[in-house]
**Q** 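Before we start, here is the structure in question, set down as structure tokens.
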Amino acid sequence: MIQNYVIDQAATFEWLMFLSSGPKTAFGDNYRQETTKDGLPKWQLQFAACFRQFGRPTNEIVTVGIAAERDPGEDLAPATPVQLVGFEIGVMDKKNREGQAIGAQVWYRAQEVRPLSATGNGARSAKQAPQSEEAAS
């Protein structure tokens, strides 16, 4: 059974920064880029993500799939703070050869990635420290 869940980035992460991107290669063929059923190329992007766990900041590398004509990360510099549009997590049963569930397989995908500088203040995390009146003017 496959299930997809929408991720509220602002409520989940303290921050999310772009690291790298490249073609998602087809399983078993490192020279062929995977595509959607419609022939749209698939890309894998990596992000550094910070979230709170047990009251403490925790950092992880998150790999996110995006389908697009061109590399969605080609105009982003490493360490650029970003917003993922249409960000979701997919979960499905991982089964052994006998068809018995032995765990779960998880993946992330998004429709697009944007630098925070292009999204305005509304996309920033509510957990960010507010600016002082002097800094805001």
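Both backbone and side-chain heavy atoms feed into the values below; hydrogens, waters and symmetry mates do not. Residues: numbered from 1 along the sequence shown.
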**Q** Taking the side chain as everything from C-beta on, heavy atoms only, tell me whether L40 gets closer than 4.5 Å to E69.
**A** yes
**Q** Kindly compute the distance separating CD (Q111) from CD1 (I66), expressed to the nearest 0.5 Å.
**A** 9.5 Å
**Q** Might you point out which heavy atoms bring A110 and V64 nearest each other, and give the distance in Å?
**A**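 Heavy-atom minimum between the residues: N-CG1, 3.7 Å.
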**Q** Kindly compute the distance separating OG1 (T80) from CG (L19), expressed to the nearest 0.5 Å.
**A** 10.0 Å
**Q** To the nearest 0.5 Å, how far apart are CD in E14 and CG in N59?
**A**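 Answer rounded to 0.5 Å: 9.5 Å.
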**Q** Ignoring hydrogens and geometry, is there a side-chain-to-backbone donor-acceptor pair from Q46 to I61 under 3.5 Å?
**A** no
**Q** From R32 CZ over to T25 OG1, what is the distance, rounded to the nearest 0.5 angstrom?
**A**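 The distance works out to 9.5 Å.
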**Q** Please lay out, stage by stage, how T12 and F87 fare under the test side-chain contact (heavy atoms from CB on, under 4.5 Å).
**A** CA-CA 11 Å; T12 304; F87 191 22; over 6 Å; no
**Q** Counting only heavy atoms not in F18, do more than 12 fall under 6.0 Å of its CZ?
**A** yes
**Q** Determine whether V91 and V62 fall in the same hydrophobic cluster, where Ile, Leu, Val, Met, Phe, Trp and Tyr are linked whenever their side-chain heavy atoms lie under 4.5 Å apart.
**A**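 In one cluster: yes.
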**Q** Could you give the distance from NZ (K24) to CD (Q33), rounded to the nearest 0.5 Å?
**A**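 If we round to the nearest 0.5 Å, K24:NZ and Q33:CD are 10.5 Å apart.
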**Q** Side chains of S21 and Q44: does their closest heavy-atom pair fall under 4.5 Å?
**A**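 The answer is no; the side chains never approach within 4.5 Å.
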**Q** Would you check if Y108 and L84 make a side-chain contact, meaning some heavy-atom pair closer than 4.5 Å?
**A**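 They are not in contact (no side-chain heavy atoms under 4.5 Å apart), so the answer is no.
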**Q** Mind listing the closest non-hydrogen atom pair of E88 and R109 along with its distance?
**A** OE2-NE, 2.5 Å
**Q** Nearest 0.5 angstrom please: L45 CG to L76 CG, how far?
**A**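 Here the rounded value is 8.0 Å.
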**Q** Using 30° and 60° as the class boundaries, would you call the ring planes of F51 and F13 parallel, tilted or perpendicular?
**A**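 Perpendicular, since the angle between the ring planes exceeds 60°.
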**Q** Grouping I, L, V, M, F, W and Y whenever their side-chain heavy atoms are under 4.5 Å apart, do I7 and Y5 come out in a common cluster?
**A** yes
**Q** Return the minimal non-hydrogen interatomic distance between L16 and A49, and the atom names on each side.
**A**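 Here L16 and A49 meet closest at CD1-CB, 3.4 Å.
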**Q** Any donor-acceptor pair under 3.5 Å linking the side chain of D93 with the backbone of K95?
**A** no
**Q** Show the nearest heavy-atom pair for residues A67 and T36, with the distance to one decimal.
**A**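 The answer is CB-CG2, 3.7 Å.
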**Q** With distance as the sole test, does W43 use its side chain to make a donor-acceptor pair with the main-chain N or O of A68 at under 3.5 Å?
**A**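 A pair under 3.5 Å: yes.
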